[in-house]
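Beneath this line is the structure, given in structure tokens, with notes to follow.
FYI, side chains are in, hydrogens and waters are out, and symmetry mates aren't considered; it's all heavy atoms of this structure. Here the structure is a predicted model, which is why all the values come from computation and not from measurement.
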Amino acid sequence: MATQAPTSTSTPRPTSGPRHARPTRFSRLSGRRSPDRGRRRIPLHTVAVPVTLGILYGIWAPFIQRDGSPLNALQITLGVVSGLAVAGLVFLLMRLPRTMAPELRAIAFGAVAGVSVGFLHSLTYASVLRSSGIGLAVGVASAVATFYYFHTREN
């Protein structure tokens, strides 16, 4: 018959559900998790804070150590290594599970802050006792501050 529509010989496309349930190529940008990807997304602040602190620390350490002299390769290495170390430690601390006791998380943050500041102070050729004391004071203050922060924002 001339009025009949031509039939296709290909197999029909399988549908697994309504069209709006399928992921689009822009679903990653909208903040929704795609159903076919089981990965958890890392929040932006969990990466931005450690990277920023690592860069600042990596610039500050050789600046203190060079003491007005020209910059050399050893000081650049010091900056890169110390910046990466601080960024890595802060990233690990930011990824600690929320189910961990706030006291332990606060002690961990205080330890990293105290050691970091103590190391920076030791680059000024101050005595070990003075650098340790300043690091201990900053570590205790940081632990108290983060302990307060974690306890006031408990669920």
Side-chain angles (χ1 to χ4, degrees), residues 16-155:
S16 60
R19 179 144 178 86
H20 61 83
R22 291 188 201 138
T24 66
R25 66 181 189 173
F26 297 112
S27 63
R28 184 174 56 95
L29 299 176
S30 67
R32 294 180 292 160
R33 284 180 47 186
S34 177
D36 61 337
R37 297 181 193 192
R39 296 184 307 199
R40 290 183 47 193
R41 295 182 52 179
I42 297 176
L44 180 63
H45 72 277
T46 307
V47 175
V49 170
V51 167
T52 304
L53 287 176
I55 289 171
L56 291 174
Y57 197 86
I59 291 171
W60 197 357
F63 179 75
I64 289 174
Q65 214 250 340
R66 79 182 179 115
D67 195 32
S69 63
L71 191 63
N72 61 24
L74 188 62
Q75 293 164 348
I76 292 173
T77 305
L78 170 75
V80 169
V81 170
S82 60
L84 285 175
V86 167
L89 287 172
V90 173
F91 179 75
L92 288 175
L93 287 177
M94 299 278 289
R95 298 292 295 163
L96 280 178
R98 303 270 184 229
T99 58
M100 188 181 215
E103 295 86 7
L104 292 176
R105 290 178 71 203
I107 289 171
F109 272 99
V112 168
V115 168
S116 299
V117 171
F119 175 70
L120 281 180
H121 191 70
S122 73
L123 291 177
T124 64
Y125 302 111
S127 70
V128 174
L129 186 61
R130 182 178 172 128
S131 298
S132 300
I134 288 177
L136 182 66
V138 169
V140 167
S142 176
V144 168
T146 53
F147 178 74
Y148 174 77
Y149 176 81
F150 293 145
H151 266 286
T152 56
R153 283 155 181 82
E154 266 185 352
N155 290 337

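With sequence neighbours left out, the side-chain contact (heavy atoms from CB on, under 4.5 Å) criterion links I59 to I55.
Looking at heavy atoms from C-beta onward, F150 lies in side-chain contact with F109 at the 4.5 angstrom threshold.
To the nearest 0.5 Å, atom CG of residue L96 and atom CZ of residue R105 are 6.0 Å apart.
Pairs of residues two or more places apart, or lying in two chains, that qualify as side-chain hydrogen bond (donor to acceptor under 3.5 Å, both in side chains) and include a residue from residues 109-122 are H121-R130. Screening residues 52-71 for ring pair (Phe, Tyr, Trp, His ring centres under 6.0 Å), with sequence neighbours left out, gives no hits.
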Name the atoms and distances for all side-chain donor-acceptor pairs under 3.5 Å in residues 132-142, with sequence neighbours left out.
residue, atom, partner, partner atom, Å
S132, OG, V128, O, 2.8

Please tabulate, for the side chains in residues 68-93, all donor-acceptor contacts under 3.5 angstrom to protein atoms that are two or more places apart in sequence or on a different chain.
residue, atom, partner, partner atom, Å
S69, OG, R66, O, 2.6
N72, OD1, L74, N, 3.3
N72, OD1, Q75, N, 3.0
Q75, OE1, N72, N, 3.3
T77, OG1, A73, O, 2.8
S82, OG, L78, O, 2.7
S82, OG, G79, O, 3.3

